[in-house]
S.K.: 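Here it is, the structure, as C-alpha cells.
Indexing begins at 1, ligand by ligand and atom by atom, following the structure's order.
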Amino acid sequence: MTQQFPFLNLARANAPYMDELKQAASQVIEGGRYLHGEQTHLFEQEIAQLCQTKHCIAVSNGLDALRLIIRAYKEMGMLHAGDKVIVPGNTYVASVLAVSDNDLEPAFCDARTDTMNLDSSLIEGLMASTVKAVMPVHLYGTPCCDDTLIRLARHYGLLIIEDNAQAIGAVSDVPGINGTQVTGGLGHAAGISFYPTKNLGALGDAGAVVTNDDRLAETVRALANYGSLQRYHNIYRGLNCRLDEIQAAMLRVKLRHLPEEIIRRNLVAQAYDETIDHPLVVKPAIFDGMTQVWHQYVIRVSQRDRFRQYLADNGVGTDIHYATPPHMQPCYSQHKGQRLPVTMRIAAQAVSLPIACPITPDDARQIATIINNFQG
Ligand SMILES: *Cc1c(COP(=O)(O)O)cnc(C)c1O
C-alpha cells in the first residue's frame, strides 16, 4: 500500500519542472560543453545575485563548498591547522567534517530551544585564543544570525563561515557583517548545498561558495580546479571540485521556481502551525521579521517512536533530523563527553513532517488533524 503523505518523493517533487528540465538537459548534451560552460557561468551570477554577494563559485557539493572555504583561508594564512571553529551541536555532520578535514578542531556550541540553531549567548564561554572562526548553520531553513553573533565575531576577529545548505533564499531579521540580510551574504563566506533533497535541489550533487572577498573567491576557484587558475600552472595542491554543466542547467530551471517554492513551504508551515494542537507536540517557532524557508518542519515529541509509528499507520511519512548529533558520532568520540543538553533533547525528540513538493496547505491540515488525534 502506498502512503497517502510520503515524507519525500523526489520524482514527484521534480514533476512540475519535468519538461523544462528535459529541454535544458538536451541543450547541454547537444551543445557539447560539459564543464565550465555558459550554464555554470550564468548559474554563478544568479546565485551571487540571490545571496547579494560579489562572487559565487559553483562546486561539486555542499561539503566541498565548506571544505574549500576553510582550505582557502588556510592558503591565505588566515586559518591554521589546530585552530578551533565554533560549530553548532545541532547540525548535520557535514558542517563539522569540513572543519576536521582541514585539521582544524570543532568547538561545539549548544542550541537555543526556540530557533534550534546555535545559541550565540554561549560563544563567549567557548572563546580561547585558538578559536578563529564560527560557523552558523541556518538549520531547517531558519536564519542563524543575531546582534550578539555579529558583535562577538567583530570583537574577537572571528571569521563567520555560514553553512547555508538548508536556507537558500532565507532572510535574517538582523543584518550580517556586510549589512545585508540574506543568508549566504551574512558572513565572510558561505557554503551552499544543492543536494537533491534541498529546497533548490539538483539531479545529483552540486554546491556553491559565495563571498564578497575577492581573494577568497580567487583562491577557492583555483583550489576547486587542481589549484590552478591558468592552465598547467598550479599555485596550490588543489582538488577537482567542479560543478557539471548539466547540473547547472538543471539548477537554473529550478532556481526560476524557487520563489514560489519558498511561498509554498511557508504556506504549508503556516497550515501546520495553525492546525496542530496537541499537548505532547512542540511546534517550531515562526519568527516575525525573518523569511524562514522551511527546509524541514521539525516538531518535538517526547514519545517519538510511538508517535512516528502512529503517523506511519495513518499514511504519514516522517523523518528525523538528526537522531545522532555530530559530537555523539563514533568519528568524533573524543567529544562525546561534552554537555550539550538542548542539542541532545532536540536529537531525542525531533520529528520532521512532510513539507517537500507536492505537499499542499490542505495536506498539512489533514496531517495536523491526524496528529491531533494521537492518543499519548
Ligand atoms: C546537506 C548539508 C550539507 C552537505 O551538503 P552536500 O551537498 O550533501 O555535501 C552540509 N551542511 C548541512 C547543514 C546540510 O544540510
S.K.: Any nitrogen or oxygen of Leu66 lying under 3.5 Å from a nitrogen or oxygen in ligand 1? Just yes or no.
M.R.: no
S.K.: Tell me, which protein residue and heavy-atom name are nearest atom 11 (N) of ligand 1, and how many Å apart are they?
M.R.: Asp163 OD2, 2.7 Å
S.K.: Do Tyr92 and Val137 pass the side-chain contact (heavy atoms from CB on, under 4.5 Å) test, and can you show the C-alpha distance, the side-chain angles, and the key distance before you say yes or no?
M.R.: CA-CA 9 Å; Tyr92 182 55; Val137 182; over 6 Å; no
S.K.: Would Ser352 and His321 count as having a side-chain donor-acceptor pair, cut-off 3.5 Å?
M.R.: yes
S.K.: Of the non-hydrogen atoms in Gly37 and Glu245, which two are nearest, and what is the gap between them?
M.R.: N-OE1, 3.0 Å
S.K.: Could you tell me whether the side chains of Asp313 and Gln309 share a donor-acceptor contact shorter than 3.5 Å?
M.R.: yes
S.K.: For ligand 1, which atoms have a heavy atom of Asn61 less than 4.0 angstrom away?
M.R.: 7 (O), 9 (O)
S.K.: Distance to 0.1 Å, residue and atom name: give those for the protein heavy atom nearest to atom 9 (O) of ligand 1.
M.R.: Leu63 N, 2.8 Å
S.K.: In plain terms, say whether Arg33 and Glu38 are close enough for a salt bridge, that is, a side-chain N and a carboxylate O under 4.0 Å apart.
M.R.: no
S.K.: Can you name the atoms of ligand 1, numbered from 1 with element, that are less than 4.0 Å from a heavy atom of Ala94?
M.R.: 3 (C), 4 (C), 10 (C)
S.K.: Considering only heavy atoms, does Lys198 approach ligand 1 within less than 4.0 Å through its side chain, its backbone, both, or neither?
M.R.: side chain
S.K.: Atom 15 (O) of ligand 1: which protein heavy atom is closest, and how many Å away?
M.R.: Gln166 NE2, 2.8 Å
S.K.: Which residue holds the protein heavy atom closest to atom 8 (O) of ligand 1, what is that atom called, and what is the gap in Å?
M.R.: Tyr195 CD1, 3.8 Å
S.K.: Do Phe194 and Phe43 have ring centroids that are under 6.0 Å from one another?
M.R.: yes
S.K.: Looking only at distances, can you tell me whether any N or O atom of Val137, backbone or side chain, sits closer than 3.5 Å to an N or O atom of ligand 1?
M.R.: no
S.K.: Looking only at side-chain N and O atoms, does Arg308 offer a donor or acceptor that is under 3.5 Å from a partner on Thr318?
M.R.: yes
S.K.: Only heavy atoms of Gly62, strictly under 4.0 Å: list the atoms of ligand 1 that pass.
M.R.: 5 (O), 6 (P), 7 (O), 9 (O)
